Amino acid sequence: MSKLDSQDVPGRRITVTVNGVERRAWCADRTLLAHFVREQLALPGTHVGCMNGDCGACTVIVDGAIVKSCLQLAAAADGAEITTVEGLGEPGNLHPVQEAFWAEDGFQCGFCLPGHLLVALKLAEQQGDPSEEEIRAALAGNLCRCTGYQSIVAAVQRAIRQTEGT
Amino acid sequence: MIRDRLRYHAPADVETACRILGDSPSAAVIGGGTIAVPRLGRGELRADDIVHLSRAGLAEVVLSEGELRIGSMVTYAGLLATPGIEQLNPLLCTVARGITGGDQIRNQGTLGGSICHANPASDVPTALVALRARLVLHSIEGEREVPAGEFLRGGFQADIRPGEILTHILVRPVDRSGYHKFKLSESSWPIVTAAATLTHDRQCHVVLGGVEPVPVRIDLSQIVGTESTIRELVAATVRPTWSDALAPAEYRHLISGEIAARAVAQLGGV
């Protein structure tokens with residue numbers, strides 16, 4: 001049961017595959033996917049920032065597409081395959097995209113980092129050779145209030161180089 | 001989080017969706033969620049029942065007899081992924097690629113949701129009015145078709161009756177088109193938008209958004225195509241009647257001629 005809702009509001013049990021593991025959990029019908037992931041699935045790496053679809057900190061991958069999880073009801077994700085930042089790597093065994101952000105100081109306070117990492121992952125998976133302009137366009141849905149964009153762009157460039165051939 | 005104790009429905013077809021709408025004391029329809037979900041969170045939209053159209057079979061783009069039939073759940077990314085769409089409708093592609101909010105919003109937001117929200121500053125109302133799109137609205141009483149220009153009644157006001165659902169957007173091709181929007185930062189809503197069209201029978205129009213509460217169509221067919229003439233005609237035609245937090249009406253009016261001229265210039269030698 002969530003800290004946010006008890007089962008006396010309309011709700012349902014949903015099944016999602018999160019970071020490769022099938023999870024079944026209850027959610028209130030009014031629960032946002034961002035809160036479901038953080039509270040019911042106990043994966044707090046997904047950050048909730050603006051709750052308005054502006055900042056991108058809550059970005060997750062749902063059925064292969066990056067989405068802002070504050071704009072989606074959890075009930076709509078029943079049956080979906082979800083990747084959160086916890087699905088990338090862990091301390092001591094970072095994903096190449098995380099290594100790239102570490103090497104380039106691609107974060108300052110770190111709040112926007114989970115969103116940037118998942119956008120970078122999608123970009124790196126596309127196997128292209130995007131220009132700096134294309135990288136900046138791909139990051140347009142993610143805000144860094146510390147304004148560390150130059151390091152973030154450098155980290156994404158490194159992530160793309162590191163992912164080549166993997 | 002959302003304070004209303006709402007019930008979520010994802011009906012498998014439009015008929016069921018309409019029935020739930022009819023039976024509920026207060027229901028809200030959700031498309032991509034990018035507008036409605038935050039509004040629910042802020043309490044601007046209140047509902048006992050949420051009818052989500054995600055499983056209602058409305059996410060397809062079909063071409064039949066030269067007309068595009070765009071389901072109301074087609075996202076911007078879904079539109080761009082449609083084979084041949086760049087040739088069939090470059091104007092809608094330009095709009096879809098330029099939507100504010102990154103790939104996430106293009107993966108989630110829908111053209112249908114945008115026109116229903118009827119924000120004067122949005123891209124979609126301007127583009128659909130310019131293309132003379134028709135909107136198909138379904139209820140338990142049947143179906144009706146409304147031209148986009150009549151569907152938009154005012155700022156944030158669309159002609160959707162209780163119990164109705166927008167199911168499809170119908171669009172015919174134009175010969176040439178151009179689109180320009182003006183905004184002052186990447187993550188901003190547009191301030192003024194302009195869509196120019198040239199039809200096969202040489203009718204040239206520009207439609208301006210964000211200047212009045214609804215998009216304004218201006219016939220350019222009779223004027224010599226110099227940019228200064230376009231600017232003067234636009235400035236003399238549109239009225240400064242729409243403001244929002246980004247810019248006052250006078251400012252929108254002042255730049256409208258220039259934005260129109262930039263869209264028309266993309267038509268290339270009218």
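Letters go in sequence order (proteins before strands), and every chain restarts at 1. Since the model is a prediction, treat every value here as computed from it, not as a measurement.
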Engaged part of [X] at the chain B interface, taking heavy atoms whose separation is under 4.5 Å:
X: A:Cys70; result: backbone
X: A:Arg136; result: neither
X: A:Val62; result: neither
X: A:Ile66; result: both

In terms of heavy-atom contacts, does [atom1] of [X] have more than 12 from other residues, nucleotides or ligands at under 6.0 Å?
X: A:Arg158; atom1: CZ; answer: yes
X: B:Glu44; atom1: CD; answer: yes
X: B:Glu60; atom1: CD; answer: no
X: A:Glu99; atom1: CD; answer: yes
X: B:Arg97; atom1: CZ; answer: yes
X: B:Arg3; atom1: CZ; answer: no
X: A:Glu125; atom1: CD; answer: yes

query: If you check every heavy atom in residues 142-149 of chain A against those of chain B, which residues fall under 4.5 Å?
result: A:Asn142, A:Leu143

Between the side chain of [X] and the main-chain N/O of [Y], is any donor-acceptor distance below 3.5 Å?
X: B:Arg5; Y: A:Asp8; answer: yes
X: B:Asn107; Y: A:Ala65; answer: no
X: A:Arg30; Y: B:Met1; answer: no
X: B:Gln108; Y: A:Lys68; answer: yes
X: A:Asp29; Y: B:Tyr8; answer: yes

- line: In terms of heavy-atom contacts, B:Ile105 and A:Leu71 come closest through CD1-CD1, 3.6 Å

Heavy-atom pair of closest approach, residues B:Arg55 and A:Ala76: NH2-O, 3.5 Å

Any pair counted as side-chain hydrogen bond (donor to acceptor under 3.5 Å, both in side chains), so long as it reaches residues 13-23 of chain B, sequence neighbours left out: B:Asp13-B:Thr16, B:Glu15-B:His138

- request: Kindly indicate, with the supporting measurements, whether the criterion side chain to side chain contact (heavy atoms under 4.5 Å, CB included) is fulfilled by A:Leu73 and B:Ile30.
  value: CA-CA 10 Å; A:Leu73 294 172; B:Ile30 292 195; 4.1 Å; yes

task: Please state whether the side chain, the backbone, both or neither of B:Ile50 comes within less than 4.5 Å of a heavy atom of chain A.
output: side chain

Proximity breakdown for B:Thr34 and chain A, heavy-atom pairs closer than 4.5 Å: both

query: Which distance, rounded to the nearest 0.5 Å, do you find between the CD of B:Gln104 and the CD of A:Gln72?
result: 12.5 Å

field: CZ on B:Arg39 to CG on A:Asn52, rounded to 0.5 Å
entry: 11.5 Å

- prompt: Can you tell if the side chain of A:Leu32 reaches within under 4.5 Å of the side chain of B:Val37, non-hydrogen atoms only?
  reply: yes

